[in-house]
Structure formats: structure tokens, C-alpha cells
Visitor: 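If you scroll down you'll find the structure; I have some questions about it.
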Number of protein chains: 4
Amino acid sequence: MPLLTSDARGVFMISVTPFTDDGAVDWDSLDRVVDFYFDKGADGLTILGMMGEAPKLTQSESRAIAERVIKRAGDKPVVVGVSAPGLAAIGELGRAVMDMGAAGCMVTTPGSLKTDTQIHGYFGQVAQTLGADVPIVLQDFPLATGVHISDEVLARIIDDIAQVVMLKHEDWPGLSKITRLRRAEAEGRRRISILCGNGGVFLPEEMARGADGAMTGFGFPEMLADVVRLVDSGDLDRAQDIFDAYLPLVRYEQQPGAGLAVRKYVLAKRGAIASSAARAPSAGLTPEAITEVERLLDRQTKRLQELN
Amino acid sequence: MPLLTSDARGVFMISVTPFTDDGAVDWDSLDRVVDFYFDKGADGLTILGMMGEAPKLTQSESRAIAERVIKRAGDKPVVVGVSAPGLAAIGELGRAVMDMGAAGCMVTTPGSLKTDTQIHGYFGQVAQTLGADVPIVLQDFPLATGVHISDEVLARIIDDIAQVVMLKHEDWPGLSKITRLRRAEAEGRRRISILCGNGGVFLPEEMARGADGAMTGFGFPEMLADVVRLVDSGDLDRAQDIFDAYLPLVRYEQQPGAGLAVRKYVLAKRGAIASSAARAPSAGLTPEAITEVERLLDRQTKRLQELN
Amino acid sequence: MPLLTSDARGVFMISVTPFTDDGAVDWDSLDRVVDFYFDKGADGLTILGMMGEAPKLTQSESRAIAERVIKRAGDKPVVVGVSAPGLAAIGELGRAVMDMGAAGCMVTTPGSLKTDTQIHGYFGQVAQTLGADVPIVLQDFPLATGVHISDEVLARIIDDIAQVVMLKHEDWPGLSKITRLRRAEAEGRRRISILCGNGGVFLPEEMARGADGAMTGFGFPEMLADVVRLVDSGDLDRAQDIFDAYLPLVRYEQQPGAGLAVRKYVLAKRGAIASSAARAPSAGLTPEAITEVERLLDRQTKRLQELN
Amino acid sequence: MPLLTSDARGVFMISVTPFTDDGAVDWDSLDRVVDFYFDKGADGLTILGMMGEAPKLTQSESRAIAERVIKRAGDKPVVVGVSAPGLAAIGELGRAVMDMGAAGCMVTTPGSLKTDTQIHGYFGQVAQTLGADVPIVLQDFPLATGVHISDEVLARIIDDIAQVVMLKHEDWPGLSKITRLRRAEAEGRRRISILCGNGGVFLPEEMARGADGAMTGFGFPEMLADVVRLVDSGDLDRAQDIFDAYLPLVRYEQQPGAGLAVRKYVLAKRGAIASSAARAPSAGLTPEAITEVERLLDRQTKRLQELN
């Protein structure tokens with residue numbers, strides 16, 4: 001499998017981890033959802049991320065899932081989240097998944113990083129630990145990590161650590177950050193790929209600002225793929241029409257915690273996984289929430305029909 | 001002016017504070033925006049909240065603004081945010097605005113509260129400090145305060161502190177909290193009014209779950225008023241149609257920090273205030289953001305025309 | 001090895017993890033420091049805690065260290081820290097170390113717990129995951145975890161989860177918490193063992209309030225053992241004399257981050273481990289700090305001689 | 001009264017705010033404690049700081065206290081804490097106290113500052129708001145504010161904002177920060193005064209590293225004055241002997257929250273204030289705590305007698 005580069009574009013879906021109703025990893029559904037993502041237009045996958053319930057897996061499960069997904073994805077790129085409390089664990093998992101054929105490793109900022117110097121230093125240590133041949137995706141997600149990465153520290157990381165090839169962008173608000181990054185590149189800084197997260201809730205604007213695509217989860221990968229393709233082809237209005245049709249559900253999936261349950265419910269309903277079960281500790285959807293989701297799905301279907 | 005009760009319903013707009021371009025309070029625009037909110041369907045106002053740039057005001061400005069707005073609002077209820085680091089300041093401001101004719105005082109949780117017992121004890125102290133005749137709006141906003149109010153502690157507050165008559169609900173995700181509150185009331189607990197915040201981004205679902213209305217800011221108060229009225233009249237589909245037309249802008253205004261600049265831009269464009277200036281420290285809208293907002297406004301206008 | 005019970009008393013040393021200068025686990029030093037702790041008066045050990053650099057270990061290293069220490073400790077109890085982001089990993093490590101002969105598992109509160117109900121629920125899930133026969137040490141360390149455990153929630157945990165047999169107490173300030181716990185027990189609540197952390201900096205007062213001993217790290221385990229023994233025998237003044245002699249160093253070791261480097265420096269100087277190296281990311285002692293520590297050690301030696 | 005300069009040295013006591021038992025400001029005791037601090041060796045005072053219960057005061061009380069203390073202090077310098085959520089309030093209070101004769105204004109970092117650039121920008125705005133003639137004390141207290149000021153950002157502030165003349169240093173651990181600051185000054189950077197906080201718990205080491213004195217609270221100001229004087233005169237051993245005698249109480253006062261109650265208890269016992277009452281919300285000392293404090297005071301007296 002080819003390694004991730006700073007020219008990467010398109011939609012990388014953050015894959016869910018399917019479980020059976022009694023909490024075991026559902027390997028058949030894992031294969032199925034991988035196929036589903038690619039059938040619906042994904043260009044790559046990202047696994048073992050926060051929304052993939054990675055912290056609820058044992059280490060042996062994490063490795064087995066990585067191995068299975070990378071194999072199933074064939075020649076499509078798979079990014080693996082390797083964030084861990086210590087460098088030794090990051091190195092151990094990172095080297096293992098690269099040997100399996102991963103396209104790169106995604107790393108976020110531990111909450112213990114307090115200053116710009118510490119953030120810069122941390123990614124230097126991570127790069128050294130993983131080895132210079134491993135492409136790194138820097139996950140910038142202050143709402144979840146509590147760590148804010150300024151333009152200045154991002155510039156220093158890009159300048160000093162060549163193997164950081166991609167920014168998983170989910171600062172919020174973060175539109176200006178994209179504009180400033182692209183402007184700096186126009187003035188000579190090394191280019192990196194920018195894929196956007198946050199459930200795609202700002203995707204049309206992010207693409208218009210210069211992002212290369214999306215790296216996030218959503219029950220309808222085809223929306224993300226369509227929006228990215230249409231903005232790339234210059235049809236921002238059509239992109240926004242599609243986006244708006246899905247926006248009520250995108251918004252509903254944005255609820256922290258509850259969002260994952262909605263996403264799994266939608267994927268199960270669409271046949272991509274057998275069960276919407278999440279592993280404990282986790283709350284399923286209440287009957288009231290199911291009513292709301294079904295209503296949003298009905299309206300979404302009608303709206304999409306009007307668009308065609 | 002009548003005091004706030006637990007039967008309060010409808011839309012309370014979180015008012016912006018208008019400034020001139022050189023940072024002074026713009027008193028004419030303050031009158032104008034008060035009139036604007038009521039013209040567009042607001043049932044009441046809330047001032048000196050976080051989004052009203054209250055922390056950027058001097059104490060004498062805060063009092064003068066409260067006096068002006070309460071007078072201008074006439075017989076419409078005005079809730080005043082009185083959160084402060086200490087009880088003495090809360091009591092001082094609270095009693096002052098009640099003497100001016102405020103309908104009630106809104107108080108949120110200081111970040112120093114760490115346990116359920118401390119949260120419960122704090123509102124007891126606030127109630128005692130303000131005096132038993134002052135209606136209290138409890139602002140539940142964990143994303144901003146870092147304090148999470150569980151069902152249990154909310155129940156204890158409702159049981160023990162009769163003057164807490166309203167919940168400003170902006171827990172996120174918080175739909176289930178509304179359902180559980182209403183269910184407990186059906187089983188005998190004292191009723192309180194629930195007005196929802198978060199820019200109205202879940203308003204249709206919140207109303208369907210039993211909320212009494214909205215207490216939030218948005219450049220188009222008529223959307224909030226329409227949604228509340230339509231859900232109350234049983235027409236959830238029409239409510240959601242209206243809501244969906246505004247949702248792309250609602251979403252755009254949800255950006256922390258940047259959201260206020262968008263809101264003031266829209267209000268200035270609509271003639272409700274003279275200038276979109278926010279008081280320092282504050283960033284205005286970049287040219288890119290103005291392009292995005294104008295595009296969303298154009299699309300919104302068209303979508304609303306299609307609905308009528 | 002016997003399991004931990006709620007009658008446990010004495011000093012459980014939080015063991016350092018010795019490394020060679022190039023960052024490998026130093027197995028010989030691990031044996032040596034285990035012997036050292038017991039020679040100096042420890043009644044038990046606690047491993048894989050935060051101060052033991054557990055997050056910097058790979059999972060295979062963690063298990064190998066647990067196995068080696070448990071074996072070396074012979075019939076002395078070894079508590080193993082099994083905190084992890086998810087229940088599956090806690091269960092996997094917890095069952096493995098119990099099979100090796102651990103006396104119990106120590107678990108702290110993940111930062112995601114926001115309310116009393118969530119804290120109580122979490123320990124219920126942990127207990128179920130580990131199995132009812134596994135004694136649990138509840139680590140109450142708000143400064144590090146950001147989670148505050150109130151008297152009320154602690155009472156609910158003690159009432160509902162019989163296998164929670166010990167509180168590792170490092171709330172700060174926490175003296176009143178000990179008093180209130182013991183008072184509740186006098187009125188009929190189930191007793192639990194209370195061992196105190198925070199480097200022992202309040203140990204004389206904690207023992208006088210009813211604690212059963214210490215569970216913490218320090219370069220001079222004999223101080224902790226002497227203080228616990230002397231307070232138990234009623235000689236509070238002599239206990240405080242000993243304590244005061246070591247207090248300047250105890251205080252110096254209290255510096256977050258730097259404290260571990262001091263502790264390892266002292267242990268290496270005393271021959272308990274071969275090298276004071278900590279695993280990256282970590283800062284060693286600067287020359288200025290070494291001068292300060294050496295000065296404190298000199299003064300400590302003189303002060304102890306005066307006491308004898 | 002002369003303005004604060006970067007050559008300031010000695011002990012600035014963080015003054016308590018005395019209250020009567022029913023919660024009113026005790027103006028007679030305020031005079032008395034000011035005299036007490038200077039009698040016991042203080043070189044200056046700092047008022048309206050966090051430990052002075054400033055957040056519990058109304059704005060009119062804050063101003064009246066500042067006026068009274070500045071007048072009573074005569075030609076001794078008084079620094080006034082003016083931290084507030086917004087620049088307008090900082091400017092209003094700052095200019096008012098400078099007009100009363102304050103020596104300078106102390107400002108800390110609001111928790112909303114997330115990056116180095118934001119921290120640097122904030123102090124630039126504060127400086128501009130206060131006016132170029134107002135000396136600023138930068139309070140660096142990450143444990144309380146959650147904001148960490150790196151060497152780099154501190155250097156940028158010192159380089160760019162000439163009116164920042166003093167660092168109130170309570171980073172923890174922060175010994176190396178002093179060393180690095182002084183080293184940079186030796187290499188040409190502008191000198192600033194460094195006064196240390198944290199209850200003086202590292203004062204001997206801080207002085208030896210190049211600090212200019214202490215700015216903190218403690219029931220025995222004479223200890224701080226003696227340690228500063230003795231280290232300045234080169235007698236580090238005698239300084240540490242004095243320090244060690246008080247250290248058990250210094251440590252006991254370090255308990256967050258409870259520490260203030262201990263300090264007021266000691267000051268009331270010494271006759272410096274009439275009542276140890278703190279203003280609500282606040283917990284007084286329990287009988288067990290009083291027993292512990294009295295015991296520490298007895299032992300401290302004996303130890304000091306042995307030293308003389």
C-alpha cells in the first residue's frame with residue numbers, strides 16, 4: 001500500500017468498530033463496513049480514532065482490527081490512530097501497523113502539553129519514535145484534547161518535521177486557520193494536506209478555503225464524497241444543496257456521545273453493520289431519539305428527491 | 001414589570017450590546033435592537049449574558065444598559081445575567097436590577113464547583129443572597145463553564161429552592177435531560193420553565209421533547225418565534241421546514257467567538273444596530289467570512305421564498 | 001499471595017521503574033529496589049502507578065514488570081495500577097496481574113467523568129469487569145485527574161461495591177475527608193482502609209485523623225514507616241520530629257515532574273537502583289537542582305543525628 | 001508614593017481582607033493588619049489578590065479597601081490586583097487605584113488564553129488599556145489559572161512591553177524558570193523583578209536562584225523577611241534554619257481553600273485582625289484543624305527558641 005503524502009485528497013472515513021450485541025468485535029460487519037465506505041465513495045479509511053471506540057479495545061483487538069481493515073482495503077490507504085499516553089506505546093503500535101501496510105499514523109496532542117514549545121517538542125519526539133519513513137497525520141482537535149495549536153506552532157512543526165504530511169483539522173472555529181495555512185504556503189512554506197473533521201459540519205466552506213477533503217465519520221459517506229467532488233469541480237452551489245439536505249442529520253450526529261449511537265443506528269439500518277451496539281460504557285439511543293432520527297431520515301430522503 | 005414564573009413560555013432573545021466603531025456603548029442602537037427583537041416576535045429579552053459581551057463592560061455600563069433596556073421593553077419581561085465571581089457582587093447587581101424592574105436574574109455555575117453537593121449548595125447561597133422574592137434562571141452551560149449538572153442535582157435544586165423558576169438549557173447533548181425533567185414532573189415534581197440555548201440548533205427537537213421555548217441569540221429572531229409557535233400548534237413539519245431554511249446560518253453562527261461577529265454583522269445589515277463592531281478583545285469578520293455569510297444569506301432568502 | 005482487605009495497614013511504597021541510561025527497563029535494579037523498599041520498612045508495594053512511569057511502558061513491559069515484582073515480593077502484597085482509557089483494557093490487565101498473584105488492583109477516575117452519578121457508575125462497571133473476587137483500591141487524586149469525589153459519592157461506592165476495600169487518598173486538602181469517613185464508619189458504615197499519598201506531606205496529621213498508613217513514593221521509605229509506627233504507638237511528637245527532619249526534602253520532591261527525578265536521584269545515590277534515568281519524555285535534574293538536593297540531604301543527615 | 005520598578009526587592013505581603021463575624025469589612029482590623037505587616041518586616045503590600053478574597057467583594061468595597069490601605073501604607077508601595085474578565089473593568093479599576101497612589105497593578109492570565117500568541121497579545125492589550133505609565137506585575141500562577149507561560153512567551157512580553165516590571169512567580173515547579181530568566185538577563189535581556197509566591201514554600205531555593213524576594217501570604221511575615229535578608233547577606237544556612245522551623249506550618253497553610261482559614265486564624269491569634277472570619281462562601285476551621293494548628297504553633301515556638 002502506498003504511503004500517505006502531502007498531496008492526499010478526498011474523503012477518508014473514520015470507521016466505526018462494529019460489535020455484536022454482547023460486546024464482541026463483529027468481524028464480518030467490519031469487512032462489510034469497509035466495503036460500504038469504499039462503495040459510497042471513500043478514498044481511504046482512518047481507524048482506531050476516538051470515534052471508533054479505540055479506547056474501549058484491548059491491545060490485541062486493536063492490532064487484529066488494523067490487520068483486518070488494511071487487508072480488506074486492498075490498495076486503498078488506511079490511516080491508523082496510534083495516540084497513547086506514552087511514546088513507547090505509540091512506537092510499538094505505530095511500527096506494527098506500518099508493517100501491516102498502513103498508509104500513515106495519526107497522532108493527537110496529550111492533554112499534558114501546556115505551551116507551544118511543549119507541543120512542538122512532542123511531535124519531534126513522536127516523529128523520532130516512529131522513524132523518519134512513517135507519514136504522520138497531526139490531529140488538531142482542541143475541543144476533545146484541551147490543547148490549542150496556534151498558527152505559529154503549526155508552522156514550526158511543518159518547517160521542522162518533514163514527515164508530518166497531513167493536518168486532520170478539527171479546530172473550531174477553524175476556517176481562518178485553513179486560509180492562513182494556504183496563504184503561508186503561497187508565500188513559500190511546505191504544503192501539507194488538510195482533511196477536515198467535525199462531522200463535516202463546515203465542509204463546503206472548508207473546501208472553498210482550500211481544504212483537500214474530509215476525514216470524519218457520518219452515516220452517509222456519499223454526502224462527503226459529493227461535496228468534495230462538486231467543490232473541486234467548481235460547483236459550490238450544487239455542493240451546498242447536497243450538503244443542506246443532509247445538514248439536519250449532520251447536526252444531530254454532532255451531539256457528543258450520542259452522535260456515535262446515531263451513526264451506528266444509521267449504518268445498521270443501511271445494512272453496513274449487523275448491530276448498532278456500542279461497547280460499554282455507552283448509552284444506546286432512547287426511543288425518543290430513534291423517533292427523531294427516523295423523522296430526519298424521512299425528510300432527508302424527500303429533500304434529496306427534490307434535488308434530483 | 002411582572003416577575004418571571006415557572007410558566008414562562010416563548011422566545012427570550014439574548015440581546016447583543018451595540019458599540020460604536022470606537023468601542024463606546026451605542027445607546028441609540030440599544031433602543032433600536034430592543035424594538036427589533038420585539039417586532040420580530042420575541043416575548044422577552046435576556047441581557048448581560050456571556051454572548052452579550054457582558055464581561056467587557058464596566059460595572060457602571062452594565063447598570064446603565066440594564067436600566068435602559070428594562071425601560072424600553074415596557075411591560076415585556078427582561079432577564080438579567082448577574083453571574084460574578086463572588087456572592088457579594090451577585091447580590092449587589094441582582095438587587096439593583098430587580099429594583100429597576102427586571103423580571104428575574106440569571107446565574108450560572110462558577111468553574112470552581114467540583115461536586116454535586118457544591119453545585120446544590122451554591123444555588124442555595126445565591127438564592128439567599130438575592131432574596132426569596134427574586135426569580136432565578138439557572139443557566140446550565142457545561143461547554144462554557146466546565147461544570148456538569150446531573151439530573152440528580154437539578155432535582156435537588158428544584159426541590160429545595162422554590163425561586164429557581166427556569167432552566168436555561170444548553171447542556172449538549174441535552175435532549176434526554178428535557179425528557180427526563182418532564183417525566184419527573186409528570187410523576188409529581190414541581191414544574192419549571194425550560195428555555196433552550198445553543199443558538200437554537202436543536203430547537204425543533206427540544207420543543208417536541210417538552211421545552212417551553214428558546215433563550216438564545218440569532219440574527220433572525222423570527223425563525224425562533226416561528227418554530228416555537230408552530231411546534232406549539234402541532235405543526236412540527238412546517239416548523240422543521242422553517243428551521244431547515246435557516247440551519248446553514250444557525251450552524252455558521254455556532255462557531256465560538258466568530259459567531260458573535262456573524263450575529264452582529266447580520267443585525268447591522270438588517271438595520272437593527274448601526275455598527276457590527278464588538279468591543280476589544282475581539283476579532284471582526286474577515287473578508288472570506290463576509291463572503292460566506294452573504295452567500296448563506298442569499299441562499300436562505302431563496303429557500304424561504306420556496307417555502308411560501 | 002493473600003488478597004488485600006479493608007483491614008490493610010502500614011506503608012505501601014509506590015515503586016519507581018528503573019531504567020538504564022539508554023531507556024531500557026533495568027531488571028536487576030528492579031529486583032534491588034523491591035528488596036530496598038522492604039528492607040527499609042515497607043509493608044507492601046504498588047506498581048504501574050502514575051509516578052512509576054507506567055504510561056511510558058509498552059503493554060508487554062508492564063506485564064513483565066508486574067510478574068517480576070510480584071515474584072520478588074514473595075508473600076508481601078503488591079497492588080497493581082490498572083487504570084486505562086477503556087474497560088476492556090482494565091479487565092485484560094487486571095485479570096492478568098491477579099493471576100500472577102497481585103493483592104489487588106488500583107483504579108482512578110478518567111477525566112471524562114463529570115457528575116457524581118457517572119463516578120459511581122464507573123466504579124460499578126470496573127468492579128463488574130474485574131470480577132467480584134478482585135479487591136479494588138480507589139485512587140482519589142483530583143489534582144491529577146480533574147475529578148473530585150465528594151463524601152456522598154464515596155459513601156455510595158462504599159455502600160454498593162463491597163470489593164472496594166481501600167482508598168488511596170490524595171485529595172488535597174483532604175484531612176477533613178478522613179475525619180468524615182471515619183465518623184461515618186463509627187455510625188455504622190462499612191470500614192475501608194485509607195492509605196495516604198501526596199508524597200506523605202500530611203502524613204502525621206492524616207494518621208492522627210484515622211488513616212491506616214501511606215501509599216506513596218519517597219526516597220526514604222524508613223521515614224514513612226517510622227511515622228506510621230510512631231503515631232500508631234501514640235507517640236505523635238516523636239513521629240512529627242522524624243517527619244520534620246525529612247520535610248524539606250519531602251517538600252522538594254513535591255514538585256510535579258521534577259519530583260520523580262529527585263526521587264530517582266536519591267534512590268540511585270542510596271544504591272537502590274543503578275541509574276537515575278527516567279524514560280523520555282522526561283527532564284533530568286539540572287546542576288542547580290543537584291546542588292539543592294545535596295544540600296538538603298546534608299542538612300537532613302545532621303538533623304537526624306541531632307534527633308538520636 | 002513611588003511607582004514600582006524592575007529593581008524592586010524584598011517582601012510584599014499579600015494582605016488578607018479582615019471581616020467581622022457577620023461578613024462586613026472590618027475597617028479597624030484592616031488598618032491594624034497593614035501596620036502588622038510592616039512591623040513584621042514587609043517592604044510592601046499586595047491587595048485585592050485571589051487569596052485576599054477579592055472576588056467576594058463588591059466593586060465599591062474593593063475601591064474603598066484600596067484607598068484605605070494605600071493611605072495607611074504611607075510611603076510604602078502597594079500593588080493592587082486588577083484582574084477582571086474584561087479589559088474595560090481592568091482599565092477602570094487600574095486607573096482608579098493608580099490615582100489613589102498605588103505603586104502598580106497586578107494582572108494574571110484569564111483562563112480563555114490558549115496559545116502563546118494569545119498570552120502575548122493579552123498583556124499588550126492590558127498595557128495599552130492601563131496606559132504606559134502604569135507598572136504591571138505579571139502574575140504567573142498556572143495551578144490557579146490553567147494558563148502556562150513558557151520561557152519564550154515571557155521573553156516576548158519582557159522584550160515588547162516595557163511597563164511589565166515584575167513577575168509574581170508561582171509556577172510550580174518553577175525553580176528552573178528563575179534560573180533561565182536570570183541567565184537570559186546576563187546575556188542581555190532587560191531585567192525584571194521576580195517576587196515569589198506559593199506561600200514561600202520554596203523561598204530559600206528561589207532566592208538562591210536569583211529571585212528578589214517574596215510576594216505571598218503567611219501568618220508570620222517575619223519568616224519571609226528573615227529568609228530574604230539572610231540569603232541576600234549570603235547566610236543560606238541560617239536562612240534555611242529559620243525556614244525549616246516554620247516549614248510545617250507553611251506546608252499546612254498550602255492546603256487550597258483551607259489555607260486561608262489557617263492564615264486568618266493565626267493572624268487573629270497574633271492580634272493582627274479581630275476575627276478569623278472569611279466571607280461566604282467559605283468554610284472555617286474545624287475543631288480538628290484548630291488542634292493541628294495549635295500543635296504546629298507550639299512546636300514552631302520551641303524550635304525557634306532552640307535556634308536562638
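Residue numbering restarts at 1 for every chain, and letters A, B, ... go by the order of the sequence lines.
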Visitor: Name all residues meeting the side-chain hydrogen bond (donor to acceptor under 3.5 Å, both in side chains) criterion together with Asp22(B); count only those two or more places apart in sequence or in a different chain, and write none if there are none.
Guide: Thr20(B)

Visitor: Does the side chain of Lys56(D) come within less than 4.5 Å of Pro85(B)'s, by heavy atoms?
Guide: no

Visitor: If I compare all heavy atoms of Leu57(D) with all of Ala88(B), which pair ends up nearest, and what's the gap?
Guide: C-CB, 4.2 Å

Visitor: What part of Gln59(B) gets within 4.5 angstrom of chain D, counting heavy atoms only: side chain, backbone, both, or neither?
Guide: both

Visitor: Asn198(D): which residues meet the side-chain hydrogen bond (donor to acceptor under 3.5 Å, both in side chains) condition with it, sequence neighbours left out?
Guide: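 Asn198(D) satisfies side-chain hydrogen bond (donor to acceptor under 3.5 Å, both in side chains) with no residue once adjacent residues are dropped.
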
Visitor: Under a 4.5 Å heavy-atom cutoff, which of Ser112(D), Ser60(D), Gly86(D) has the most pairs with chain B?
Guide: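 Option with the top pair count is Gly86(D).
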
Visitor: In this structure, are over 12 heavy atoms from other groups packed under 6.0 Å from Glu152(D) atom CD?
Guide: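 For Glu152(D), atom CD is crowded (more than 12 foreign heavy atoms under 6.0 Å).
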
